[in-house]
**Q** 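Below is one structure. I have some questions about it.
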Amino acid sequence: MMRKFLILYTSTTGSTEQMAEVMEAHLKANNREVEMQMIDFYRLRKESFTTYDAVLIGTYTWNNGETPYEMEDFLDELDRCDLSGPVFAVFGSADSFYDTYGVAIDLVYDFLQNKKCNLMPQTLKVNLQPKEADIASCKDFVNQVLEVIQQ
């Protein structure tokens, strides 16, 4: 059975986008159907997630540990959707120089947890641009999602 995945992300420096691209390529290499879009261009409908086995949401942390504006708008819209179908997973990039390292990733995770959707138990955070070890972590993260949806 072919599994269908949705990767939605926001990125300003390209780091979170690069993570999304690694995940997309890994899923396709494992014969999975993948749709990937920046959150800015994704048209959210109430039934948006009914056809997906998993939804991976990526964000970056900016300013003083805040969620980017486009992610805030997306979460406002997401709050009106039925999230009971797919497995959700949250990933993103941040800068470990700041005390607020990856807080936006945690905020998105907390939002989904409060919605009581089927959520992976951990997030994936990458410091700045993904390096070779981070690329391997992105693939491992996807493998963990694959394991959950195949149960």
Side-chain angles (χ1 to χ4, degrees), residues 1-95 100-126 129-130 134 137-151:
M1 167 196 266
M2 179 174 256
R3 301 291 187 168
K4 192 170 179 184
F5 291 78
L6 175 62
I7 302 173
L8 298 171
Y9 68 93
T10 185
S11 188
T12 190
T13 63
S15 298
T16 305
E17 181 176 20
Q18 187 177 353
M19 293 174 72
E21 289 170 348
V22 167
M23 293 178 188
E24 177 189 36
H26 187 65
L27 285 164
K28 286 182 176 180
N30 283 279
N31 299 315
R32 301 309 195 259
E33 185 179 340
V34 185
E35 180 183 336
M36 185 170 81
Q37 282 193 334
M38 288 189 76
I39 284 174
D40 291 356
F41 303 107
Y42 186 70
R43 300 294 169 233
L44 194 62
R45 299 174 314 277
K46 283 190 105 166
E47 69 282 354
S48 288
F49 306 111
T50 58
T51 61
Y52 298 100
D53 296 294
V55 177
L56 287 67
I57 300 176
T59 189
Y60 61 94
T61 298
W62 77 296
N63 206 4
N64 195 22
E66 296 174 17
T67 306
Y69 294 128
E70 61 273 20
M71 182 58 74
E72 288 177 10
D73 293 341
F74 176 73
L75 293 179
D76 285 344
E77 290 182 41
L78 197 60
D79 198 32
R80 295 183 290 271
C81 293
D82 177 11
L83 307 180
S84 62
V87 170
F88 284 84
V90 182
F91 67 95
S93 60
D95 187 342
T100 57
Y101 175 71
V103 169
I105 299 160
D106 297 334
L107 291 172
V108 172
Y109 184 89
D110 291 346
F111 170 86
L112 292 169
Q113 193 171 42
N114 288 333
K115 292 288 288 177
K116 304 208 183 311
C117 61
N118 189 4
L119 184 61
M120 291 297 294
Q122 73 284 334
T123 62
L124 175 63
K125 297 178 185 177
V126 167
Q129 288 291 125
D134 300 317
S137 294
C138 288
K139 293 176 182 178
D140 288 341
F141 188 68
V142 167
N143 288 339
Q144 290 170 21
V145 174
L146 286 168
E147 286 178 23
V148 168
I149 66 169
Q150 291 177 4
Q151 293 178 2

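Computed over heavy atoms, backbone and side chain alike; hydrogens, waters and symmetry mates excluded. Index from 1, following the sequence.
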**Q** With sequence neighbours left out, what residues match Asp79 under salt bridge (charged side-chain N to carboxylate O under 4.0 Å, His left out)?
**A** Lys115

**Q** Which pairs with one or both residues in residues 10-27 pass salt bridge (charged side-chain N to carboxylate O under 4.0 Å, His left out), sequence neighbours excluded?
**A** Glu24-Lys28

**Q** Any ring-ring contact (aromatic ring centres under 6.0 Å, His included) involving residues 73-93? Give me the pairs, sequence neighbours left out, ordered by first then second residue.
**A** Phe49-Phe88

**Q** Would you give the length of the straight line joining atom CE of Met19 to atom CG of Leu124, rounded to the nearest 0.5 angstrom?
**A** 4.0 Å

**Q** Who passes side-chain hydrogen bond (donor to acceptor under 3.5 Å, both in side chains) against Glu35, sequence neighbours left out?
**A**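 So Glu35 forms a side-chain hydrogen bond (donor to acceptor under 3.5 Å, both in side chains) with Tyr52.
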
**Q** Looking at residues at least two apart in the chain, or sitting in another chain, which of them share a side-chain hydrogen bond (donor to acceptor under 3.5 Å, both in side chains) with Thr16?
**A** Ser93

**Q** For residues Val145 and Ala89, report the shortest heavy-atom separation together with the two atoms involved.
**A**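 Of all heavy-atom pairs spanning Val145 and Ala89, the closest is CG2-CB, 3.9 Å.
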
**Q** Can you find a heavy atom in the side chain of Leu27 that is under 4.5 Å from one in the side chain of Ile7?
**A** yes

**Q** Measure across Gln37 and Tyr42 and return the closest heavy-atom pair with its distance rounded to 0.1 Å.
**A** OE1-CD1, 3.0 Å

**Q** Could you pull out the closest heavy-atom pair between Pro130 and Ser15, with the gap in Å?
**A** CG-O, 3.8 Å

**Q** Going from CG on Asp110 to CG on Leu119, what distance comes out if it is rounded to the nearest 0.5 angstrom?
**A** 9.5 Å

**Q** If we check side-chain contact (heavy atoms from CB on, under 4.5 Å) with Leu6, which of these qualifies: Val55, Leu56, Ile57?
**A**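 Option passing the side-chain contact (heavy atoms from CB on, under 4.5 Å) with Leu6: Val55.
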
**Q** Could you list all the ring-ring contact (aromatic ring centres under 6.0 Å, His included) pairs where at least one residue sits in residues 5-33, not counting sequence neighbours?
**A** none

**Q** Taking only residues two or more places apart in sequence or in another chain, which ones pass side-chain hydrogen bond (donor to acceptor under 3.5 Å, both in side chains) with Lys125?
**A**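 Residues passing side-chain hydrogen bond (donor to acceptor under 3.5 Å, both in side chains) with Lys125: Asp106.
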
**Q** Of all heavy-atom pairs between Gly58 and Ile39, which one has the smallest distance, and what is that distance?
**A**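 Between these two residues, the closest heavy atoms are O-CD1, 4.4 Å.
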
**Q** From the options Thr59, Thr10, Thr12, select the one residue that forms a side chain to side chain donor-acceptor pair (under 3.5 Å) with Glu70.
**A**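 With Glu70 as partner, Thr59, Thr10, Thr12 yield a single side chain to side chain donor-acceptor pair (under 3.5 Å), made by Thr10.
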
**Q** Where is the tightest heavy-atom contact between Gly65 and Val103, given as atom of each residue plus distance?
**A**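 Result for this residue pair: O-CG1, 3.2 Å.
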
**Q** Who passes ring pair (Phe, Tyr, Trp, His ring centres under 6.0 Å) against Tyr69, sequence neighbours left out?
**A**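 Checked Tyr69 against ring pair (Phe, Tyr, Trp, His ring centres under 6.0 Å); matches are Trp62.
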
**Q** Can you sort out the partners of Ala94 under side chain to side chain contact (heavy atoms under 4.5 Å, CB included), two or more places apart, ordered by chain and number?
**A**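 Ala94 satisfies side chain to side chain contact (heavy atoms under 4.5 Å, CB included) with Thr61, Tyr101 once adjacent residues are dropped.
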
**Q** Please enumerate all residues that pass side chain to side chain contact (heavy atoms under 4.5 Å, CB included) together with Thr51, with sequence neighbours excluded.
**A** Lys4

**Q** So, using side chain to side chain contact (heavy atoms under 4.5 Å, CB included) as the criterion, who are the partners of Ser84 when residues are at least two apart?
**A** Asp82

**Q** What distance separates Leu146 CG from Arg32 CZ, expressed to the nearest 0.5 Å?
**A** 5.0 Å

**Q** Residues two or more places apart in sequence or in another chain: which of them pass side-chain hydrogen bond (donor to acceptor under 3.5 Å, both in side chains) with Gln144?
**A**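 Only Gln122 meet the side-chain hydrogen bond (donor to acceptor under 3.5 Å, both in side chains) criterion with Gln144.
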
**Q** Flag the pair Leu78 / Phe111 as yes when at least one side-chain heavy-atom distance between them is below 4.5 Å, and no otherwise.
**A** yes

